[in-house]
> 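Take this structure first; my questions come after.
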Amino acid sequence: SKGEYPWRLDMPGIQLKAGAMPSFIAFFKVVVQLLSLLSFAAYGDYGPYRKKILMVLTWIACIFIFLNICVVSPNMLWLASLSHVVAGICFVLVMGYYNAYLPILIENYPLASQDDTQTRDKFTDTASMKGMLAGQAGGLLLQLVVFVLLLLSECDPCKEQCSTFNIFFWPALCMSLVGVWWAGFSAYTFRVLGDRPGPPFPDGQNLLTLGWESAITALRTCCRLKHTGLFVLVYFLASDVLSTITATAGLLNEETNPEKEWTTMKSQMINYLLAQVGGALGIGIFYLIQRFTGAAAKKLLASQIVVMGIVGIIFVTNLNSTIGFIASMAPITIIMISVQSYCRSMFSCLIPPGQESAMFAFYEISDKGSNLMGSLITIFVYQVSGQYRMVYWYVLVGSAVCLYVLYFVDVEEGQKACNAERVAVDAPGETTADAPSNVGETTVGKATGAETGGDESLEPPTA
């Protein structure tokens with residue numbers, strides 16, 4: 001009806017408000033990603049498949065992203081949707097294979113002793129932080145290139161007469177540049193990254209069920225190893241709380257401060273750039289804090305979870321309308337990348353050797369599974385209340401529960417339990433004791449440099 005904001009209208013044909021559609025679409029995409037992880041992520045633990053599949057998935061994703069250059073009219077939006085789904089599937093699998101390299105590289109790094117867990121943890125934290133910082137810097141640089149391109153070329157319908165081609169072409173060109181950018185840097189990574197093969201692919205194993213059986217094995221491992229299981233629960237909650245904040249904050253801002261004019265890509269890019277700068281700044285801040293205080297990753301992660309809870313309070317109490325949207329979201333932009341870094345670092349210390357790909361696939365499944373829960377909660381709350389603010393009660397409660405569970409995680413004890421098993425998975429459900437993972441042929445320093453943005457030294461932070 002006239003006077004209603006578009007996001008409060010019911011979608012034709014389905015009993016769903018327009019404002020709940022973004023969460024509904026995210027829910028559908030995550031379901032597809034979960035099925036892909038369960039079906040294909042475990043291949044990386046066998047033979048040379050880790051690097052080979054990593055390369056294939058990367059090239060497929062880059063090609064589909066580049067196809068956005070063809071989306072120059074509303075009739076081609078189906079191609080943008082297809083590109084988004086295919087690239088999203090490839091991306092979650094690629095991240096699982098990339099992450100699986102971290103514990104292998106650290107395990108075989110000459111200075112990272114298996115017996116000295118504290119030194120090993122510091123090497124792992126440093127490698128993870130450098131890798132995240134390199135990725136963040138690359139993303140920020142590309143966003144600057146895209147912002148300049150849009151600033152010079154994008155057509156604003158509110159200020160001038162624009163053809164359909166001009167409205168669609170420049171954002172489509174920027175999207176295609178993402179594929180070119182990813183492909184270019186991946187080509188260098190693949191050139192220096194070693195194969196690091198695992199055990200032979202099991203004879204008679206059903207390819208369609210391998211990933212599902214491996215996920216069940218990983219779940220059993222989490223149930224058997226107390227601290228590994230507890231940390232998976234921590235990551236599940238922390239990831240869901242963080243994704244819920246980032247997914248609904250912009251919608252809440254639009255709901256409470258509706259704009260009447262056309263929203264250009266330039267204006268959107270300003271918010272993205274601020275988020276990237278905040279994320280890069282946060283990595284540097286927490287790296288320096290850890291370096292000069294010697295604080296463990298667990299303590300720093302706990303402080304970041306507290307920040308998420310505080311942001312929940314800000315939005316629940318409507319304090320964001322007083323201090324402004326950017327100021328309200330600033331704490332999240334500072335911690336959102338370093339949270340992922342510390343979670344990845346801690347989890348890599350809690351994996352039995354030989355199960356790297358399967359366990360990191362389970363790690364990604366936990367991430368996507370938590371996003372399903374957050375999306376469902378958002379859809380339900382918005383359908384009932386008609387506003388996004390109520391979702392932040394879940395953010396507040398989720399942060400408190402996450403912090404409580406993290407209190408019981410002992411990384412050092414969990415790492416000792418994993419090292420005691422020395423399990424190498426030959427097939428789902430079959431394990432061989434005292435069988436360390438295969439190191440491969442490439443030197444550790446070279447491969448580590450590729451994973452950490454080219455810096456081949458992994459000097460641990462000192463207090």
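Quick note: residue numbers are just sequence positions, from 1.
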> Can a donor-acceptor pair be found between the side chains of Tyr392 and Thr248 at a distance below 3.5 Å?
yes
> What I'd like to find out is whether the side chain of Leu242 reaches to under 4.5 Å of the side chain of Gln340, using heavy atoms alone.
yes
> Which heavy atom in Leu350 sits nearest to a heavy atom in His227, and how many Å separate them?
CD1-O, 3.9 Å
> Quick check: are there more than 12 heavy atoms from other residues, nucleotides or ligands sitting under 6.0 Å from CZ of Phe66?
no
> Between Phe190 and Trp59, is the ring centroid distance below 6.0 Å?
yes
> Hey, what's the ring geometry for Phe286 with Tyr342, parallel, tilted or perpendicular (30° and 60° as the breaks)?
perpendicular
> Do Leu149 and Leu177 have side-chain heavy atoms sitting under 4.5 Å apart?
yes
> Quick check on Lys52: does its NZ atom have over 12 non-hydrogen neighbours (other residues, nucleotides or ligands) under 6.0 Å away?
no
> Determine whether Leu233 and Phe408 satisfy the following criterion, side-chain contact (heavy atoms from CB on, under 4.5 Å), listing intermediate values before the conclusion.
CA-CA 11 Å; Leu233 180 57; Phe408 296 98; over 6 Å; no
> Please determine whether the number of non-hydrogen atoms from other residues, nucleotides or ligands lying under 6.0 Å from atom CD1 of Ile326 exceeds 12.
no
> Look at atom NZ of Lys51 and say whether more than 12 heavy atoms of other residues, nucleotides or ligands are closer to it than 6.0 Å.
yes
> How long is the gap from CD1 on Ile314 to OG1 on Thr322, to the nearest 0.5 Å?
10.5 Å
> Could you check whether any side-chain heavy atom of Trp393 comes within less than 4.5 Å of a side-chain heavy atom of Val381, counting everything from C-beta outward?
no
> If the test is side-chain contact (heavy atoms from CB on, under 4.5 Å), which one of Asn419, Leu225, Thr228 qualifies with Pro352?
Leu225
> Roughly how far apart are Tyr235 OH and Leu301 CG, rounded to 0.5 Å?
11.0 Å
> How many angstroms lie between atom OG of Ser186 and atom CG of Leu57, to the nearest 0.5 angstrom?
11.5 Å
> If I compare all heavy atoms of Ala327 with all of Pro331, which pair ends up nearest, and what's the gap?
O-CD, 3.5 Å
> Is it true that a side-chain atom of Lys298 and a backbone atom of Tyr407 form a donor plus acceptor pair closer than 3.5 Å?
yes
> Below 4.5 Å, heavy atoms only, C-beta onward: do Tyr363 and Cys343 meet side chain to side chain?
yes
> Taking side chain as C-beta onward, heavy atoms only, is Leu319 less than 4.5 Å from Ser328?
no
> Less than 4.5 Å apart, any side-chain heavy atom of Phe236 and any of Met373?
yes
> So, taking the atom named CE in Met346 and the one named CZ in Phe231, what distance separates them when rounded to the nearest 0.5 Å?
4.5 Å
> Which atom names give the shortest non-hydrogen contact between Ser399 and Ile305, and what distance separates them?
O-CG2, 3.4 Å
> Using a 3.5 Å distance criterion without hydrogens, assess whether the side chain of Thr189 forms a donor-acceptor pair with backbone atoms of Phe185.
yes
> On a heavy-atom basis, which atom in Gln304 and which in Ser338 lie closest, and how many Å separate them?
NE2-OG, 2.8 Å
> Could you tell me the separation between the OG atom of Ser176 and the CD1 atom of Ile63, rounded to the nearest 0.5 Å?
13.5 Å
> If you look at every heavy atom in Leu150 and Pro171, which pair is closest and at what distance?
CD2-N, 4.3 Å
> So with a 6.0 Å cut-off around CZ of Phe91, is the heavy-atom count from everything else above 12?
no
> Go through the steps to decide whether Met359 and Val232 satisfy the test side-chain contact (heavy atoms from CB on, under 4.5 Å), and finish with yes or no.
CA-CA 10 Å; Met359 290 298 290; Val232 168; 5.7 Å; no
> First locate atom CD1 of Ile310, then atom CG of Leu396, and finally report the distance between them rounded to the nearest 0.5 Å.
10.5 Å
> Between Leu142 and Trp181, which heavy-atom pair has the shortest distance, and what is it?
CD1-CE3, 3.6 Å
> Is the closest side-chain heavy-atom distance between Asn318 and Ser321 below 4.5 Å?
yes
> Checking Asn68 against Ser83: is there a side-chain donor and acceptor pair closer than 3.5 Å?
yes
> Taking side chain as C-beta onward, heavy atoms only, is Leu230 less than 4.5 Å from Val234?
no
